[in-house]
Amino acid sequence: MAASFFVCRGTSCASQHGRDLVLDLEELCAGTPHVSCEPRKCMGRCGSGPNVQVVKGESSEIVSGVGSFDALERLATAQLPGFRVGRLARQLGRIKYDARRAEEVEDARHLLEQGFALLQGAPGAGEEGRRLLSELLVLRSQSLLPRGRAPMPTDGAAVADARRAVELAPQRAQAWLVLAEALELSQCPSEAAEALRTALACGGLGPDRDMVARQLVSLERVTQDDSQSEFVPWRVESLERLTSRSPSILLRLGCLAGSRLSAHPDAGDVWHVEAMANLNGGQGGIVQEVARSYTPTSSSKAYQGGRLELTVKVKPQGQLTPYLDSLRTGAVLQISAPVRTLESSGYTGVLVVAGGSAAIVALQVCESVLRRHPKRGLVRLLLCNHCAPDVMLLSRFEDLLQRYSGFRVTHCISEGPPPKAVVSGPPGLCAAAVQMLLQTGRQRSDIAVLDAFSLSEGRCRYPGRPPRGSSGRWP
């Protein structure tokens, strides 16, 4: 026989976690056929709650004092013939019950970690294990969300947990609701609205269905307004920390609103985007919008296909790069429409001088010219860095050297003692060269000049060796 549990959500019962009790009971009875759990308005038994009305066919009764996990289990066992709770489900049920009622977020997270440890120690849990893991992930996602629904930045962990939860239990409305909340707070209203639609389709929301429907209408309005914005939400697919003396990361992003990319103008071969995030300003908890320009290491064609790669040098004292370095898979980042950096279509040859992270835009310029003119294009790159490990995208430049005969790279490394120098040529060239080399920090003894040159009127010097045919002494 079908059984329906209606949990009172009146003021008195709500103060005793009546809303949480709906989820506790729903999860405890999960897998039991023909059982539903929904919230209901006040049942008029204030002071004796939490109260649960049990309806089976034509019969109905109200059970009061369901204020502990043991009482909850007794209720389900008494009302559902043949109902039994397994050892693992009971242990996790107690953990979830206590986590929902923990006064401090850290206490809830500590309890949930105990639950994850229990699941890891129970291999072969099968379908029940997937459901239990989904329920734990939903609770952890909620614990990671900022309080008060403020649009505070998150590292993507809440979204990632909620996504995993809906993958494990796609028919559970609560998982979709938490995903929608996490996405909305991550400033991704379009995908949040889609998650709410799925939650409504799952059913089982009872009187809360109207509230969810109103929230969906509100998000759809935001989505319509947001469609006019140049910024589009992108999801972090992966974050790779690159090996170098200066900390750098490679962010791989996937677009969450691909239909809007076709409206963005073509920015050519040499282009950049802006990344934007709302960051906590620290004092007073003020949230500020921070945007910075970055040159992608992926192509504009990949961008139109909804894929973007950003190689970023992390500056510990910077505003945005430490935040980018903290992102996890699933985090949402706002990315602008592409912006043209340089019109390179008219170049058949080019000399590029770049230092540090500007190697990324140098790569775009070099690739643009060489792709357009693979046989007659002449590209020379002077790449400046403090030390060899600082050179970014070295493998990409080496690939261009292999593919194009007209490409050359010269590396200028400032760290360490400068190498000895040899100068030869007309007197004016030698004098200018020696002066420049001295300015780079070389000692005079490190510069060998093979020809005569004048540093001052009426005097000639021949450093390195005496001039041919001389007495062997320096003039």
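FYI, the numbering just counts along the sequence from 1. Hydrogens, waters and symmetry mates play no part in the numbers below; they use all other heavy atoms, side chains included. Keep in mind that this is a model prediction, so the values were computed, not measured.
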Nearest 0.5 angstrom please: [X] [atom1] to [Y] [atom2], how far?
{"X": "Leu112", "Y": "Glu135", "atom1": "CG", "atom2": "CD", "result": "11.5 Å"}
{"X": "Leu333", "Y": "Ser186", "atom1": "CG", "atom2": "OG", "result": "10.5 Å"}
{"X": "Leu251", "Y": "Ser238", "atom1": "CG", "atom2": "OG", "result": "8.0 Å"}
{"X": "Ser445", "Y": "Lys420", "atom1": "OG", "atom2": "NZ", "result": "6.0 Å"}
{"X": "Leu363", "Y": "Met392", "atom1": "CG", "atom2": "CE", "result": "10.5 Å"}
{"X": "Leu437", "Y": "Asp446", "atom1": "CG", "atom2": "CG", "result": "10.0 Å"}

Identify the heavy atoms of [X] and [Y] that sit nearest to each other, and give their distance.
{"X": "Pro296", "Y": "Gln364", "value": "O-NE2, 3.3 Å"}
{"X": "Val232", "Y": "Cys255", "value": "CG1-SG, 3.5 Å"}
{"X": "Asp451", "Y": "Gly425", "value": "OD2-N, 3.1 Å"}
{"X": "Ser141", "Y": "Val178", "value": "OG-CG1, 3.5 Å"}
{"X": "Cys366", "Y": "Phe407", "value": "SG-CE1, 3.8 Å"}
{"X": "Ala362", "Y": "Leu381", "value": "CB-CD1, 4.0 Å"}

Self-check item: Contact list for residues 345-363, test side chain to side chain donor-acceptor pair (under 3.5 Å), sequence neighbours left out
Solution: Glu343-Ser345
Does the side chain of [Y] come within less than 4.5 Å of [X]'s, by heavy atoms?
{"X": "Ser134", "Y": "Glu167", "answer": "no"}
{"X": "Leu23", "Y": "Val138", "answer": "no"}
{"X": "Leu132", "Y": "Glu128", "answer": "yes"}
{"X": "Tyr294", "Y": "Thr321", "answer": "yes"}
{"X": "Val361", "Y": "His272", "answer": "no"}
{"X": "Gln174", "Y": "Leu177", "answer": "yes"}
{"X": "Tyr404", "Y": "Arg371", "answer": "yes"}
{"X": "His411", "Y": "Leu394", "answer": "yes"}

Exercise. Show your working on side chain to side chain donor-acceptor pair (under 3.5 Å) between Gln319 and Arg292 and close with a plain yes or no.
Key: CA-CA 9 Å; Gln319 278 191 294; Arg292 294 290 185 270; 2.9 Å; yes
Quiz item: Hey, mind stepping through Gln142 and Asp161 against side chain to side chain contact (heavy atoms under 4.5 Å, CB included) and telling me if it holds?
Solution: CA-CA 9 Å; Gln142 288 177 306; Asp161 277 353; over 6 Å; no
Name all residues meeting the side chain to side chain contact (heavy atoms under 4.5 Å, CB included) criterion together with [X]; count only those two or more places apart in sequence or in a different chain, and write none if there are none.
{"X": "Leu438", "result": "Val434, Arg444, Ile447"}
{"X": "Glu194", "result": "Arg197, Thr198"}
{"X": "Leu378", "result": "Arg380"}

Heavy-atom donor-acceptor pair, [X] side chain to [Y] backbone, under 3.5 Å:
{"X": "Arg376", "Y": "Gly406", "value": "no"}
{"X": "Ser143", "Y": "Arg140", "value": "yes"}
{"X": "Asp266", "Y": "Gly268", "value": "yes"}
{"X": "Ser424", "Y": "Leu450", "value": "no"}

Quiz item: Is the number of heavy atoms from other residues, nucleotides or ligands within 6.0 Å of CD (Gln443) greater than 12?
Solution: no
Could you list the donor-acceptor pairs under 3.5 angstrom formed by side chains in residues 301-311, with sequence neighbours left out?
unit_1: Tyr303; atom_1: OH; unit_2: His264; atom_2: ND1; d: 2.9
unit_1: Tyr303; atom_1: OH; unit_2: Ser336; atom_2: O; d: 3.4
unit_1: Thr311; atom_1: OG1; unit_2: Thr297; atom_2: OG1; d: 3.4

Quiz prompt | Working for side chain to side chain contact (heavy atoms under 4.5 Å, CB included), residues Leu239 and Thr329 | solution = CA-CA 7 Å; Leu239 186 151; Thr329 301; over 6 Å; no
Quiz prompt | Non-neighbouring partners of Arg172 that pass salt bridge (charged side-chain N to carboxylate O under 4.0 Å, His left out), sequence neighbours left out | solution = Glu26, Glu27
Quiz prompt | Result of checking Asp107, Asp20, Asp24 against Arg101 for side chain to side chain donor-acceptor pair (under 3.5 Å) | solution = Asp24
Practice problem: Evaluate the criterion side chain to side chain contact (heavy atoms under 4.5 Å, CB included) for residue pair Leu179 and Arg163; output intermediate values, then yes/no. | Solution: CA-CA 6 Å; Leu179 176 59; Arg163 286 187 189 279; 3.8 Å; yes
Practice problem: Show your reasoning for whether side chain to side chain donor-acceptor pair (under 3.5 Å) applies to His110 and Gln114. | Solution: CA-CA 7 Å; His110 179 70; Gln114 294 179 20; 3.2 Å; yes
Exercise. Could you go through the side chain to side chain contact (heavy atoms under 4.5 Å, CB included) check for Val273 and Val339 one step at a time?
Key: CA-CA 6 Å; Val273 296; Val339 180; over 6 Å; no
